[in-house]
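Working notes, beginning with the structure itself.
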Amino acid sequence: MRQGSAPNFCPPVEEGLTIVFEDEQGEQSELEFLGLIIHQDRRYGFFFPVTEDEPVGSSGEVVLLEVTELDEDGQPSAFEIVEDEAVAAEVYEDFRTATKDLYDFSA
């Protein structure tokens, strides 16, 4: 299992874990879970989109979602897109710092 280098990073329990999300219009998207960042007492999930053309780990695009609900075990159960660009930039920088040994961010 991958390890992060920051106390505010929670890596996925299994590498290549994908989650299917459904939006309000019923459209489904499959995303590879990269981990959670805790930032100012809020949790944010990082994901790569997965399609037939871009299998797990190949995308390069990162999707940032805020955890809005936890289940009875304290695990994320609902997410929303982060619309505040300043918050997104701060959280993304935290993620880059925490995962610098896991992912290549030069693009």
Side-chain angles (χ1 to χ4, degrees):
M1 177 175 25
R2 294 179 174 214
Q3 297 291 319
S5 59
N8 64 336
F9 176 65
C10 303
V13 293
E14 110 187 28
E15 201 165 326
L17 175 68
T18 62
I19 301 170
V20 176
F21 288 91
E22 187 171 318
D23 68 15
E24 294 158 348
Q25 287 78 37
E27 228 175 279
Q28 293 187 339
S29 298
E30 184 175 8
L31 303 175
E32 176 188 7
F33 178 60
L34 305 176
L36 284 177
I37 286 288
I38 300 170
H39 179 81
Q40 296 183 355
D41 295 326
R42 293 178 178 234
R43 294 174 177 89
Y44 298 90
F46 286 82
F47 303 86
F48 277 148
V50 177
T51 65
E52 286 182 22
D53 297 331
E54 296 177 325
V56 169
S58 70
S59 171
E61 176 186 351
V62 176
V63 175
L64 169 61
L65 301 174
E66 182 176 359
V67 176
T68 57
E69 289 181 37
L70 300 175
D71 66 15
E72 61 276 353
D73 297 323
Q75 298 300 311
S77 61
F79 296 84
E80 285 185 9
I81 298 230
V82 177
E83 302 211 10
D84 185 321
E85 290 183 27
V87 169
E90 287 176 20
V91 175
Y92 182 66
E93 191 55 41
D94 285 355
F95 179 74
R96 285 180 52 146
T97 299
T99 62
K100 66 183 180 294
D101 297 329
L102 304 175
Y103 303 111
D104 179 10
F105 293 101
S106 57

query = So, Thr18 and Glu30: side-chain donor and acceptor under 3.5 Å apart, yes or no?
reply =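 Distance-only check passes for Thr18 and Glu30.
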Taking all atoms of both residues into account, what is the closest heavy-atom pair of [X] and [Y], and its distance?
| X | Y | value |
| --- | --- | --- |
| Phe33 | Pro12 | CD2-CB, 3.5 Å |
| Val82 | Leu65 | CG2-C, 4.1 Å |
| Pro49 | Val63 | CG-CG2, 3.9 Å |

task = Decide whether Tyr92 and Ile38 are clustered together by the hydrophobic rule: side chain heavy atoms of Ile, Leu, Val, Met, Phe, Trp, Tyr closer than 4.5 Å, transitively.
result =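 Shared cluster, no.
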key: Cluster overlap Phe48 with Val20, hydrophobic side-chain contacts below 4.5 Å   =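 Cluster IDs for Phe48 and Val20 differ.
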query = Heavy atoms, side chains only, cut-off 4.5 Å: are Val67 and Leu36 in contact?
reply =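 Result yes, sub-4.5 Å side-chain heavy-atom pair found.
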task = Decide yes or no on side chain to side chain contact (heavy atoms under 4.5 Å, CB included) for Phe47 and Leu34, but give the supporting numbers first.
result = CA-CA 5 Å; Phe47 303 86; Leu34 305 176; 5.5 Å; no
query = Would you say the side-chain atoms of Asp73 pair up with the backbone N or O of Gln75, donor to acceptor, closer than 3.5 Å?
reply =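 No.
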Backbone of Phe21 reached by a side-chain donor or acceptor of Ser29 within 3.5 Å =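 Between the backbone of Phe21 and the side chain of Ser29 there is no qualifying donor-acceptor contact (under 3.5 Å).
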When rounded to the nearest 0.5 angstrom, what is the spacing between [atom1] in [X] and [atom2] in [Y]?
| X | Y | atom1 | atom2 | value |
| --- | --- | --- | --- | --- |
| Glu80 | Glu83 | CD | CD | 8.0 Å |
| Glu69 | Arg43 | CD | CZ | 13.0 Å |
| Glu90 | Tyr44 | CD | OH | 8.5 Å |
| Thr97 | Phe9 | OG1 | CZ | 12.0 Å |

ask   = Charged N to carboxylate O below 4.0 Å: is that the case for Arg42 and Glu66?
value =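 Looking at Glu66 together with Arg42, the answer is yes, because their closest N to O distance falls below 4.0 Å.
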query = Step by step, would you call Phe46 with Ile37 a side chain to side chain contact (heavy atoms under 4.5 Å, CB included)?
reply = CA-CA 8 Å; Phe46 286 82; Ile37 286 288; 3.7 Å; yes
inquiry  = Set out, in order, the CA-CA distance, both residues' side-chain angles and the distance that settles side chain to side chain contact (heavy atoms under 4.5 Å, CB included) for Asn8 and Asp94, then state yes or no.
reply    = CA-CA 8 Å; Asn8 64 336; Asp94 285 355; 3.8 Å; yes
